[in-house]
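A quick note: this is a predicted structure, and the numbers were derived from the prediction, not measured. In the text below, chain A, chain B and the rest are named by the order of the sequence lines, each starting its count at 1.
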Number of protein chains: 2
Amino acid sequence: MATLRDVAKAAGVSPATASRAMGDSPAVSPEARERVTRAAAELGYQINALARSLRTQRTNTIGLLLPDVRNPFFTELAYQVDKIAAERGLTVMIGNADEQAEQQDRYLDVLARHQVDGIIAVPQGAASQVLRRTAGALPTVFMDRDPGIPGTPTITSDNRGGIFALVDHLVRLGRRHIGVVAGPQSTSTGRERLLAVTDRLAHHGLDLPPAHVVEGDFQLDSGVAATEQLLGHGPLDAIIAADNLMAMGALMVLRRNGIQVGHDMALACVDDIEWFALVEPAITVLAQDIPGLALAALDSLTRQINGDAAPSVVVPMHLIPRASCGEAGRGMPTTPKEGAHG
Amino acid sequence: MATLRDVAKAAGVSPATASRAMGDSPAVSPEARERVTRAAAELGYQINALARSLRTQRTNTIGLLLPDVRNPFFTELAYQVDKIAAERGLTVMIGNADEQAEQQDRYLDVLARHQVDGIIAVPQGAASQVLRRTAGALPTVFMDRDPGIPGTPTITSDNRGGIFALVDHLVRLGRRHIGVVAGPQSTSTGRERLLAVTDRLAHHGLDLPPAHVVEGDFQLDSGVAATEQLLGHGPLDAIIAADNLMAMGALMVLRRNGIQVGHDMALACVDDIEWFALVEPAITVLAQDIPGLALAALDSLTRQINGDAAPSVVVPMHLIPRASCGEAGRGMPTTPKEGAHG
DNA sequence: CGATTCCATGGAATCGATTCCACAGGCTCA
DNA sequence: TGAGCCTGTGGAATCGATTCCATGGAATCG
């Protein structure tokens with residue numbers, strides 16, 4: 001591999017001048033710049049990012065820590081973050097915690113050792129010691145979930161507002177007996193979404209008995225188990241799943257039991273997937289604004305890296321009604337509380 | 001951030017000794033090691049991977065270049081590669097070409113600048129100049145697709161053998177009029193799969209007219225377009241899609257046209273998705289052995305990094321019959337050529 | 001015309017960890 | 001007892017790029 005020294009020699013200048021010519025320092029004669037550029041091209045010179053970063057104390061690299069890269073929601077999040085970061089000349093190192101706190105800690109250390117300029121993290125479970133230390137030591141932004149570490153900005157979706165709209169939608173369609181496949185209560189999203197369902201049902205004068213709530217872990221299998229359990233606890237006419245994969249599991253169970261989704265039972269969940277529109281019936285979702293989240297997170301992180309105040313942001317969610325909740329007018333009449341909605 | 005120098009000072013030893021104590025060099029007294037270890041813990045010392053790598057000329061980092069991180073097949077591939085690499089103490093930098101040759105080239109340079117020890121690449125399109133240069137300059141393994149660069153090992157699935165099994169399956173079920181939503185013919189997988197279908201149909205005495213083949217780009221939308229086109233060209237009783245996303249698109253079109261999949265029309269594709277078993281009807285797939293591919297790629301790359309001979313590997317595929325191709329015995333009788341299959 | 005400013009350039013220090021080399025002190029063995 | 005060895009340690013060079021500082025020459029000004 002050719003070094004800058006080689007390039008300088010080939011161009012007949014000093015390494016200092018070569019360095020200036022490669023960057024866009026104005027203090028280089030056009031002639032020297034030309035010679036250096038040509039020499040670099042001829043030698044196939046690639047700058048050594050390690051050496052540069054060691055000297056400049058800047059890597060232009062950020063870490064992205066996710067709980068599960070295989071969940072389409074996080075895949076999309078990674079895609080959007082990487083895309084925007086690339087446009088800004090930043091490289092993204094993706095770390096997959098694979099749903100294990102220990103892996104998360106391991107990756108945080110890896111990122112720190114690689115001297116990333118900052119970290120965007122979707123934390124899992126309770127805030128670990130390593131997570132606190134890292135968030136305190138270098139620019140950090142939490143995204144999607146809030147681990148409750150004060151002083152670190154958080155970019156989240158408006159889960160409460162979104163769930164309100166979803167519950168209103170279901171109630172308007174005549175659903176009264178709602179079951180919830182909740183997310184893990186160790187995550188802020190799991191808690192917020194469940195609480196919002198409870199609160200909004202109460203607002204409609206409806207009750208959410210404990211037997212109608214089963215906690216899953218955001219994975220497909222837990223959606224299966226939770227739904228089986230829900231079906232054993234009295235009659236329901238709607239199920240809300242706290243994420244897409246658990247909704248998939250719920251759909252499997254409902255099908256196996258010969259329950260007509262969209263008719264006998266409404267099904268809705270948080271987080272859209274491209275092919276949710278495809279499944280029969282198409283699934284009603286509460287979609288997060290993923291590009292919006294990614295953009296806000298990067299903006300906030302960049303500010304923090306530059307030493308400015310970094311804001312927390314709440315991004316609106318978007319209800320997409322599809323066939324899985326049935327049509328308005330079916331079954332019971334539209335709720336008289338219609339007018340009370342926000 | 002504490003440096004090794006700080007740790008050494010705190011432990012009352014020289015940086016040299018501190019370095020030796022942090023690694024597992026035997027030439028350190030137990031007492032010195034103890035003191036250094038404690039000092040490091042107290043200072044929250046994290047080794048600076050940049051400085052270490054600059055000196056040792058080893059980053060213990062490999063690059064993984066993918067054409068589309070949002071395709072579940074590549075997501076799973078990334079997951080498996082990262083998992084195995086982590087077990088071996090390697091960090092993975094994922095690059096997403098986002099289906100653009102230009103992005104691929106850009107990422108190859110990024111990886112080279114970061115001094116990765118080696119690259120695992122799923123190349124797209126024709127082999128670019130940058131791809132050739134990179135493959136020549138540092139340890140490289142191609143995975144899934146073969147760009148035809150001699151001297152660089154390739155880890156691929158046995159597309160030909162797999163497709164043979166799939167075609168045999170369809171023919172055995174009485175399907176005779178097969179349409180193909182082919183992959184891009186600029187990729188080796190696209191070419192191999194189409195050729196294998198043609199050859200195996202011929203082996204059964206069946207023809208594949210040009211009008212029954214439409215080329216897509218491995219994305220959902222192209223599956224939609226291709227299937228619509230196929231339906232306009234005479235009667236078919238089966239469609240083979242070269243990947244999962246295009247099969248999704250095909251399924252959408254078939255549904256919209258009221259065509260009963262699994263009865264009027266068989267549908268099968270390459271690459272399984274967890275929830276393909278969920279769709280109604282469940283989709284028959286030719287699944288790749290993703291952990292097998294990941295393991296073989298990493299092994300081959302590691303050998304190459306260590307200066308040993310790195311093998312090319314062909315990994316077997318696995319046919320998973322589901323409801324989308326209908327049951328045996330339906331329609332025409334089982335082909336008399338049954339006995340001729342390999 | 002002499003003094004001052006400006007500009008392009010090169011030498012050398014620096015980032016943080018590793019490692020070659022030299023060396024001190026304790027040991028063994030003849 | 002002295003020659004030789006082994007072990008643990010520290011000084012200093014090194015990896016490759018950046019950047020501070022100094023310098024020489026050209027341009028500008030009064």
CA sep, side-chain torsions, deciding dist, call: A:Arg106, A:Gln103, side-chain hydrogen bond (donor to acceptor under 3.5 Å, both in side chains): CA-CA 5 Å; A:Arg106 201 183 66 76; A:Gln103 283 283 355; 3.2 Å; yes

CD of B:Glu87: more than 12 outside heavy atoms within 6.0 angstrom?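 More than 12 heavy atoms, drawn from other residues, nucleotides or ligands, come within 6.0 Å of this atom.
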
Count the heavy atoms belonging to other residues, nucleotides or ligands that lie under 6.0 Å from CZ of B:Arg88, then report whether that count exceeds 12. yes

If I take atom [atom1] in residue [X] and atom [atom2] in nucleotide [N], what distance separates them, rounded to the nearest angstrom?
| X | N | atom1 | atom2 | result |
| --- | --- | --- | --- | --- |
| B:Leu4 | D:dG11 | CG | P | 14 Å |
| B:Arg5 | D:dA12 | CZ | C1' | 10 Å |
| B:Gln115 | D:dG16 | CD | P | 9 Å |
| B:Asn60 | C:dA17 | CG | P | 16 Å |
| B:Arg113 | D:dG16 | CZ | P | 17 Å |
| A:Arg58 | C:dG16 | CZ | P | 16 Å |

Counter-base of D:dG30, judged by Watson-Crick or G-U geometry with both distances under 3.5 Å: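 Per the H-bond distance test, C:dC1.
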
Could I get the full list of side chain to side chain donor-acceptor pair (under 3.5 Å) partners for A:Asn306, not counting sequence neighbours? A:Arg58

With sequence neighbours left out, write down each residue that passes side chain to side chain donor-acceptor pair (under 3.5 Å) with B:Arg20, or none if nothing qualifies.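 For B:Arg20 there are no side chain to side chain donor-acceptor pair (under 3.5 Å) partners, ignoring immediate neighbours.
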
So do [Y] and [X] actually touch side chain to side chain, heavy atoms under 4.5 Å?
| X | Y | value |
| --- | --- | --- |
| B:Val313 | B:Ser300 | no |
| A:Gln288 | A:Asp144 | yes |
| B:Asp289 | B:Pro291 | yes |
| B:Phe74 | B:Leu64 | no |

Between A:Ser128 and A:Asp105, is any side-chain donor less than 3.5 angstrom from a side-chain acceptor?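 Result is yes, a qualifying pair exists.
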
Look for any protein N or O under 3.5 Å of an N or O in nucleotides 21-27 of chain C and output each such pair with its distance, or none.
none

Using a strict heavy-atom distance below 4.0 Å, which residues from residues 7-17 of chain A are in contact with DNA chain C?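 Heavy-atom cutoff 4.0 Å gives A:Val13, A:Ser14, A:Ala16, A:Thr17.
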
Using heavy atoms and a sub-4.0 Å distance, could you list which residues of residues 32-57 of chain A are near DNA chain C? By number, please.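 Contacting residues: A:Ala32, A:Leu54, A:Arg55, A:Gln57.
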
Residues 41-50 of chain A, side-chain donor-acceptor partners within the protein, below 3.5 Å, at least two apart:
unit_1, atom_1, unit_2, atom_2, d
A:Gln46, NE2, B:Asp109, OD1, 2.7
A:Asn48, OD1, A:Leu50, N, 2.9
A:Asn48, OD1, A:Ala51, N, 3.2

